[in-house]
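Here is the structure we will look at.
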Amino acid sequence: MKLVVVSAGLSVPSSTRLLADRLAAATGRYTSVDLQVVELRDLAVEIAHNFTSGFPGRALSAALEAVTEADGLIVVTPVFSASYSGLFKSFFDVLDQDALTGKPVLIAATGGSARHSLVLEHALRPLFAYLRAVVVPTAVYAASEDWGAEGLAERIDRAAGELGRLMEGLGAGAGAVRRADAADTADAAERADASVAVDTDTAAAIAPRALDGALASADRFTVIPFEQQLAALRP
């Protein structure tokens, strides 16, 4: 399973990246993942250029492709002015609008005060619902006072477990659909082959009676009168 983490932290070190790393590690305990981290701080200039030129740079293009091909996402943003950061929103603005359809997403945020925790429900969840992603029930918010306090580790583990199980379930469902499609294709091909065989046998039975003499003619395009074809088919 390919898990992509999108971190919109700006500082180094970043509490946003720290939360993202802890969520990714917890998810890896529930399902085997191939992890890739997208740091939006490194893509800020290319994201801005994408808005003005309409074309992504090489690094941004690789990040967009990674998100599109992921089996699951963890997205983490710092809280700016009671919402997600502009950099975070800009990245998902340049992403193809169908890229997240049906994709499991764990949303998380960091902030200086617990009073901003509703940003998860008022901003992030509606954004990813609009993008038709499957947002896991448990979202994780980490205020400054949450680090090292009780409760954060449990929330991280619960959200990661939900994401891991959702990735496993949707992955198995997609595999079943692919197998069913392959079986349907094979059945259709088999029916087509059988139909061709029946038509060939029918033609072989009719040809000696209906087309005798016509195909033996030097002019192979000789028109056979309908009455003669009909008579050949009578017992």
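Following chains of ILVMFWY side-chain contacts shorter than 4.5 Å, one can reach Ile47 starting from Leu100, so the two form part of one hydrophobic cluster. Under a hydrophobic clustering in which Ile, Leu, Val, Met, Phe, Trp and Tyr are joined whenever their side-chain heavy atoms come within less than 4.5 Å, directly or via other members, Met1 and Ile74 fall into the same cluster. Residues Ile156 and Ile107 do not share a hydrophobic cluster, clusters being chains of Ile/Leu/Val/Met/Phe/Trp/Tyr side chains in contact below 4.5 Å. Connection of Leu10 to Val38 is established within a shared hydrophobic cluster, with ILVMFWY side chains joined at heavy-atom distances below 4.5 Å, either directly or through further cluster members. One hydrophobic cluster holds both Val119 and Val6 under the rule that ILVMFWY side chains link at heavy-atom gaps under 4.5 Å.
Residue Arg22 holds its CZ atom at 10.5 Å from CG of Asp157, rounded to the nearest 0.5 Å. Met167 contributes atom CE, which lies 9.5 Å from atom OG of Ser32 (distance to the nearest 0.5 angstrom). The distance from the CZ atom of Arg158 to the CG atom of Leu163 is 14.0 Å, given to the nearest 0.5 Å. Note that the CG atom of Leu118 and the CZ atom of Arg125 stand 11.5 Å from one another [nearest 0.5 Å]. One finds the CG atom of Leu64 at 11.0 Å from the CD atom of Glu69 (value rounded to the nearest 0.5 Å). In this structure, CG on Leu40 lies 7.0 Å from CZ on Phe92, to the nearest 0.5 angstrom.
Using a cut-off of 4.0 Å between Lys/Arg side-chain N and Asp/Glu carboxylate O, Arg155 and Asp146 are scored as salt-bridged.
When the side chain to side chain donor-acceptor pair (under 3.5 Å) test is applied to Glu162, the partners found at least two apart in sequence or on another chain are Thr138. Not counting sequence neighbours, Asp34 has no partner by the side chain to side chain contact (heavy atoms under 4.5 Å, CB included) test. Qualifying side chain to side chain contact (heavy atoms under 4.5 Å, CB included) partners for Ala108, counting only residues two or more places apart in sequence or in other chains: Leu19, Leu23, Val76, Leu106, Val140.
In this structure, the side chains of Thr77 and Lys89 stay at 4.5 Å or more apart for every pair of heavy atoms. Using a 4.5 Å heavy-atom cutoff, the side chains of Thr31 and Arg165 are not in contact. Counting heavy atoms from C-beta outward, Val75 and Val105 have side chains that approach closer than 4.5 Å.
Between the side chains of Ser7 and Thr16, no donor-acceptor pair is found at a separation under 3.5 Å.
Between Thr52 and His49 the shortest heavy-atom distance is OG1-O, 3.0 Å. Between Gly102 and Leu170, the closest heavy-atom pair is O-CD1, 3.6 Å. Closest heavy-atom contact between Pro126 and Leu120: CD-O, 4.5 Å. The shortest heavy-atom contact between Glu145 and Gly112 is OE1-O, 3.9 Å. The two residues Ala70 and Val4 come nearest to each other via the heavy atoms CB-CG2, 3.5 Å. Listed here is the closest heavy atom pair of Pro104 and Leu166: CB-CD2, 3.6 Å.
In terms of modelled atom types and a separation under 3.5 Å, the side chain of Ser85 and the main chain of Phe88 share a donor-acceptor contact. In this structure, Arg17 contributes its side chain and Glu39 its backbone to no donor-acceptor pair below 3.5 Å. Between the side chain of Glu46 and the main chain of Leu43, no donor-acceptor pair closer than 3.5 Å is present.
Atom CZ of Phe51 has more than 12 heavy atoms from other residues, nucleotides or ligands within 6.0 Å. The number of heavy-atom neighbours closer than 6.0 Å to CZ of Arg115, taken from other residues, nucleotides and ligands shown, is 12 or below.
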Exercise. Would you check, one step at a time, whether the test side-chain contact (heavy atoms from CB on, under 4.5 Å) holds for Thr68 with Lys103?
Key: CA-CA 9 Å; Thr68 301; Lys103 197 181 300 295; 5.8 Å; no
Quiz item: Given Thr27 and Leu3, is the side-chain contact (heavy atoms from CB on, under 4.5 Å) satisfied, shown in steps?
Solution: CA-CA 9 Å; Thr27 304; Leu3 175 64; 4.0 Å; yes
Practice problem: Start with the C-alpha distance between Phe128 and Val134, add both sets of side-chain angles, then the distance that settles side-chain contact (heavy atoms from CB on, under 4.5 Å), and finish with yes or no. | Solution: CA-CA 8 Å; Phe128 289 97; Val134 181; over 6 Å; no
Quiz item: Stepwise, does the side-chain contact (heavy atoms from CB on, under 4.5 Å) test hold for Leu127 with Tyr84?
Solution: CA-CA 10 Å; Leu127 170 63; Tyr84 36 64; 4.0 Å; yes
